[in-house]
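What follows is one structure encoded as structure tokens, with my remarks underneath.
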There are 2 protein chains.
Amino acid sequence: MPVVAPAMPLQGESARPGVSLHDELLVALRDYIVEGHLADGARVPERQLCERFGISRTPLREALKVLAAEGLIDLLPNRGARIRELGSEELRELFDVMGGLEALAGRLACERISDAEVAEIERVHHDMYRFYLRREMHGYFQCNQAIHRMIVEAAANAALSATYASFAGRIRRVRYSANLAKERDRWGEAMREHEMILDALRRRAGNELSDILFLHLRNKRKAAQAEASA
Amino acid sequence: MPVVAPAMPLQGESARPGVSLHDELLVALRDYIVEGHLADGARVPERQLCERFGISRTPLREALKVLAAEGLIDLLPNRGARIRELGSEELRELFDVMGGLEALAGRLACERISDAEVAEIERVHHDMYRFYLRREMHGYFQCNQAIHRMIVEAAANAALSATYASFAGRIRRVRYSANLAKERDRWGEAMREHEMILDALRRRAGNELSDILFLHLRNKRKAAQAEASA
DNA sequence: TTCCTAAAAAATGAATGCAAAAGATCGGCA
DNA sequence: TGCCGATCTTTTGCATTCATTTTTTAGGAA
């Protein structure tokens, strides 16, 4: 039996303007799934979630349709929703798309990023390097994430950001489990790649940065999958 | 008053296995919007669409939520759905993402495409060239589309294909109106770009193909937007 | 005991009902 | 005549209800 938290009535506080209940529910439910409260392949318990969020089935089902369209769950006719299982093949596909999106972000970023923004990324990069030298995995990881996020934001493309966020969500569930351990072996290599990323960004070398970012994600995925199958 | 076709009860014929009514409705409604039956910024008439498709409001509203998540419509709280208007800025963003996705597709295609598949693309390319020489816009356009589609398919990445299709749908509405006329001036240039695409594909030069495809889309967008503002 | 069948229970998919909010209509007033 | 406000209508969002379908459970035969 899946553990369902006692009840979390979707804090129906002062209805913020422009934010419908449906949106809140969608976000809450997505988080609930991404954070791994439901096991892979598990049935999504409609009724229990209704109680959990204090709503009726109609809005919940609307949210489920959206999450299914996003690829987070599968919707089997007459058989309800299930948490989508990610085989290694699908995970490979998702990582490649993430790589493509980051490659695009890098390319676009080079076209419009300001010196100040580059300097900001440089700062985080150096923080990251210090964490690397001290072998502080967690801090390193935070900086790493921040740099990738900053590059996507520097691209200044809302459609790209939204798509990127969607894929990041789909992968996150897996990333948590697989990433940390074996990444260690690749640490030096990843650090070198990040040096190249920063260098290309400084020179506004879009094509180059694009290639590096794609391969960077490729390598990250390979490391994660080697870990997963080990 | 928007012209709503008499009634098209979503041919509820022999329920195909694995395809729920909801899926069919989603496809039908998306097509209905993409094909331009509703004007930009127009209200989406819930009630009329229910009659149009012969269903109740519940499944229709579910479909609307999904289309809103896809970015085809805006959903204003207590104010219903509206066809999303695409400003030139947003259109630029969408084209850039399309370019990024095609760039990714080219890169991936180079990794795994077979000689036979390249030959097939080559064949369509030559058909296209013939249309170009004869100044037959329509045939040229068809071949053009086919080539891009084949490259995406050659990437063999379902997540990419789905995302690509989604963006293509969002752009299509606009593409119809803006594309054909001014594209003529760019015809020679576009043809040359396609030569480069094919060449890079033959040599399996992924990085190169990636850059060419991105710029190809960029130029296409510039031509379309120059046309739109003319 | 084990397997198969049939009834009961639960779940899903879709329609309908209802309160609240937005929009439209009409009358009053300057 | 033109503008503003009150009332009425329509629409929206969500809950509830109903018909099917699936899943579970109970019973009986080999």
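We name chains A, B, ... by the order of the sequence lines, and we start the count at 1 in each one.
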Inset, instruction - Would you mind building the protein contact string for nucleotides 8-17 of chain D? One character per nucleotide, 5' to 3', B for base within reach (heavy atoms under 4.0 Å), S for sugar-phosphate only, - for untouched. - result: ---SBBSBBB
Inset, instruction - State the NZ-CG distance between A:K220 and A:L215, to the nearest 0.5 angstrom. - result: 13.5 Å
Legend entry - Charged N-O contact under 4.0 Å between A:R172 and A:E35: no
Legend entry - Where chain B begins and ends its contact with DNA chain C, read 5' to 3' at 4.0 Å from heavy atoms: C:dA14 to C:dG23
Legend entry - Salt-bridge criterion met for A:R84 and A:D40 (N-O under 4.0 Å): no
Legend entry - Residues A:R170 and A:E70 bridged, charged N to O under 4.0 Å: no
Legend entry - A:E102 (side chain) donor-acceptor with A:L213 (main chain) under 3.5 angstrom: no
Inset, instruction - State whether B:K65 and B:E62 are salt-bridged, where the test is any N-O pair (Lys NZ or Arg NE/NH1/NH2 against Asp/Glu carboxylate O) under 4.0 Å. - result: no
Legend entry - Pairing of B:R92 and B:D96 as salt bridge, 4.0 angstrom limit: yes
